[in-house]
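Throughout, protein chains are lettered first and strands after them, A, B, ... in sequence-line order, and every chain is numbered starting at 1.
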There are 2 protein chains.
Amino acid sequence: MTAIGKTARTQRAVERACHEGAKLFSEKGYSETTTRELAAAMDVTNGTFYYYFPSKEDLLRQICEDALAEITAAVTKAVDGAESGLDAVTQMIHSHVRTIVESRHSHTTMLTELRALNGEHRVTIVAARDRYESLVREILASAKADGSLKTSIELAPLTLLLLNLLNWTIFWYRPNMGLTGDEIADRMVTLFLNGAVNPA
Amino acid sequence: MTAIGKTARTQRAVERACHEGAKLFSEKGYSETTTRELAAAMDVTNGTFYYYFPSKEDLLRQICEDALAEITAAVTKAVDGAESGLDAVTQMIHSHVRTIVESRHSHTTMLTELRALNGEHRVTIVAARDRYESLVREILASAKADGSLKTSIELAPLTLLLLNLLNWTIFWYRPNMGLTGDEIADRMVTLFLNGAVNPA
DNA sequence: CATGTACGATCAAGCGCTTGGTTAACAAAC
DNA sequence: GTTTGTTAACCAAGCGCTTGATCGTACATG
């Protein structure tokens, strides 16, 4: 239990902590970020941070949990209305990329700072992440099953390679680089489905 | 100045520091690794580490520098004997993946802990990394120029997507997972060149 | 309407501990 | 006997987290 979710004010403070925390953690790293910096970004002193969170690590857990819930919900909804296996794959790629670039701080934190979590915290998040990756794998399995995708690349490596293609984006994407998440996703879909070789 | 590269013994100690440092940094993170842990892995005390390195950050710089020199040399050599643009792309993918999985600790460190470097150190490494990415871009540019690769994906995004596909591997590859670097690279080549769609 | 009070929220200060880095003295090695 | 290598002990700074006191506001009481 993350303490004291009573008043609306408290809820706003917790949200603010998650927002500023994700920003700092993704830019500087979890352990390079001090609770005093974090508190300063929230316009309070560091004692106040501990009024809302039992520990710095608990804030990290909260950020990771929220990020995984967000992307799981987004992709689940996106493939829900898909008309074919190939359509589902396309929708998944768009939904995944749109989510991680629009909430890039929290997703960068979740993807790169997970190892700072210990014990129960870590187990919980790793389990949620495994569940999300299973979702991706099942979408690819369906597309293979209906004959859309070739069988020459086995399911497990294919899933890993797709996640490679999608996730490394967090390291170079910037909001003002002149390419939206959907424009990036378009190119990923073309590449993932048809490859880069000139068909002519 | 990295001190005293005089004797063979000194050189061995420096190599040991790089080896153990890359292992610890890639597994626990740079700032979660203490100089005492590092020294213990070298079977000395932390004072001795400072006999060989002026600072902890300097060890990180050394590891990153070596990793970039290694992969740049490997890929340069691999594409040197290529007979076509397509062949060069294939050789590059194999060479890149083989290098990062065989020296995964140092390459993971270089790819994920770079932000811990400050000032001059950082500038130097970022420049070397940019040079390597230019090399990859030029290999793709040649393959586009000779008509091997389609033009519908622009050069810059295509380069980024290829690096996505290659680099995220560091997060899941383990030596005993039953898939060698070359086997992974084979699947990447298939996917990158021809895509995952069933041609039938 | 004024006033007492209870409570959520905040702060300044600081505690105990760890960190990167230093140093004086000493041991091997050539 | 000087150079090269190693150590134990140490330091200043910074860390996560705690604490006792205080502020501000909502509201019951007189």
Side-chain angles (χ1 to χ4, degrees), chain A residues 1-21 24-25 27-63 109 113 115-122, chain B residues 1-18 20-22 24-25 27-63 109 113 115-122:
Chain A
M1 45 241 94
T2 312
I4 39 187
K6 288 171 188 164
T7 73
R9 179 173 189 157
T10 291
Q11 206 163 4
R12 254 181 288 125
V14 168
E15 273 167 30
R16 184 119 196 246
C18 288
H19 184 259
E20 300 295 338
L24 286 166
F25 292 166
E27 282 167 0
K28 319 190 16 168
Y30 171 76
S31 75
E32 290 86 351
T33 303
T34 70
T35 56
R36 285 164 182 82
E37 281 177 294
L38 182 56
M42 302 169 60
D43 286 314
V44 292
T45 62
N46 90 321
T48 301
F49 167 78
Y50 285 94
Y51 179 75
Y52 293 107
F53 285 89
S55 69
K56 183 185 169 188
E57 193 180 322
D58 198 75
L59 171 61
L60 176 58
R61 182 196 52 76
Q62 186 75 57
I63 292 168
T109 299
E113 303 297 328
R115 73 175 155 203
L117 292 172
N118 298 312
E120 192 97 27
H121 285 170
R122 192 195 202 118
Chain B
M1 46 239 101
T2 312
I4 38 190
K6 288 171 192 167
T7 74
R9 178 172 189 161
T10 292
Q11 206 165 4
R12 255 181 287 125
V14 168
E15 272 167 30
R16 183 120 197 244
C18 288
E20 300 296 337
L24 286 165
F25 292 166
E27 282 167 358
K28 319 189 17 168
Y30 171 76
S31 75
E32 290 86 350
T33 303
T34 70
T35 56
R36 283 160 183 82
E37 281 177 294
L38 183 56
M42 303 168 61
D43 286 315
V44 292
T45 61
N46 92 318
T48 302
F49 168 77
Y50 285 95
Y51 179 74
Y52 294 106
F53 285 88
S55 68
K56 183 185 170 189
E57 194 179 323
D58 197 75
L59 171 62
L60 176 58
R61 181 196 52 76
Q62 186 75 57
I63 292 167
T109 299
E113 304 297 328
R115 74 177 152 201
L117 292 171
N118 299 312
E120 191 98 25
H121 285 170
R122 194 197 202 114

* To do: Drop me the distance from A:Glu57's CD to A:Arg122's CZ, to the nearest 0.5 angstrom.
  => 9.5 Å

* Asked: To the nearest angstrom, how far is A:Gln11 atom CD from C:dG8 atom P?
  -> 16 Å

* Asked: Rounded to whole angstrom units, what separation is found between the CZ atom of B:Phe49 and the P atom of D:dG5?
  -> 16 Å

* Ignoring backbone atoms, test whether B:Tyr51 places a side-chain nitrogen or oxygen under 4.0 Å from the OP1 or OP2 oxygen of D:dT6. => no

* Asked: Which nucleotide in the list C:dG21, C:dA9, D:dT6 gets nearest to the side chain of A:Tyr52?
  -> C:dA9

* Run the numbers on A:Phe25 and A:Leu59 for side chain to side chain contact (heavy atoms under 4.5 Å, CB included), then give the verdict. => CA-CA 10 Å; A:Phe25 292 166; A:Leu59 171 61; 4.1 Å; yes

* Say you draw a straight line from OG1 of B:Thr33 to CG of B:Leu38; how long is it, rounded to the nearest 0.5 Å? -> 7.5 Å

* Asked: Does the side chain of A:Tyr30 reach to within under 4.5 Å of the side chain of A:Lys56, using non-hydrogen atoms?
  -> yes

* **Interatomic distance where CZ belongs to A:Phe53 and P belongs to C:dA9 [whole Å]** => 13 Å

* Separation of atom CD in B:Glu57 from atom P in C:dT19, rounded to whole Å -> 18 Å

* Structure fact -> Here the distance between atom P of D:dG14 and atom NZ of A:Lys28, to the nearest Å, is 13 Å

* Asked: Between CG of B:Asn118 and CZ of B:Arg61, what distance do you get to the nearest 0.5 Å?
  -> 13.0 Å

* Structure fact -> Here the residues of residues 31-39 of chain A within 4.0 Å heavy-atom distance, strictly under, of DNA chain D are A:Thr33, A:Thr34, A:Thr35, A:Arg36

* To do: Quickly work out the A:Leu59 CG to D:dG16 P distance and round it to whole Å.
  => 12 Å

* Taking every non-hydrogen atom, the tightest pair across A:Cys18 and A:Phe53 -> SG-CZ, 4.4 Å

* Quick one: closest heavy-atom pair of A:Phe49 and A:Met42, and the distance? => CD1-SD, 4.4 Å

* Asked: In terms of side-chain heavy atoms of A:Val44, which of D:dG16, D:dT4, C:dC11 is nearest?
  -> C:dC11

* To do: Give a yes or no answer on whether the side chain of B:Arg36 reaches the backbone of B:Asn46 with a donor-acceptor pair at less than 3.5 Å.
  => no

* Distance, rounded to the nearest Å, where A:Arg12 contributes CZ and C:dT10 contributes C1' -> 15 Å

Report, one pair per line, the protein and nucleotides 22-30 of chain C atoms (nitrogen or oxygen only) whose separation is under 3.5 Å.
none

* Structure fact -> CD of A:Glu15 to CD of A:Gln62, rounded to nearest 0.5 Å, is 10.0 Å

* Atom-pair distance (CG on B:Asp58; P on C:dG21), nearest Å -> 10 Å

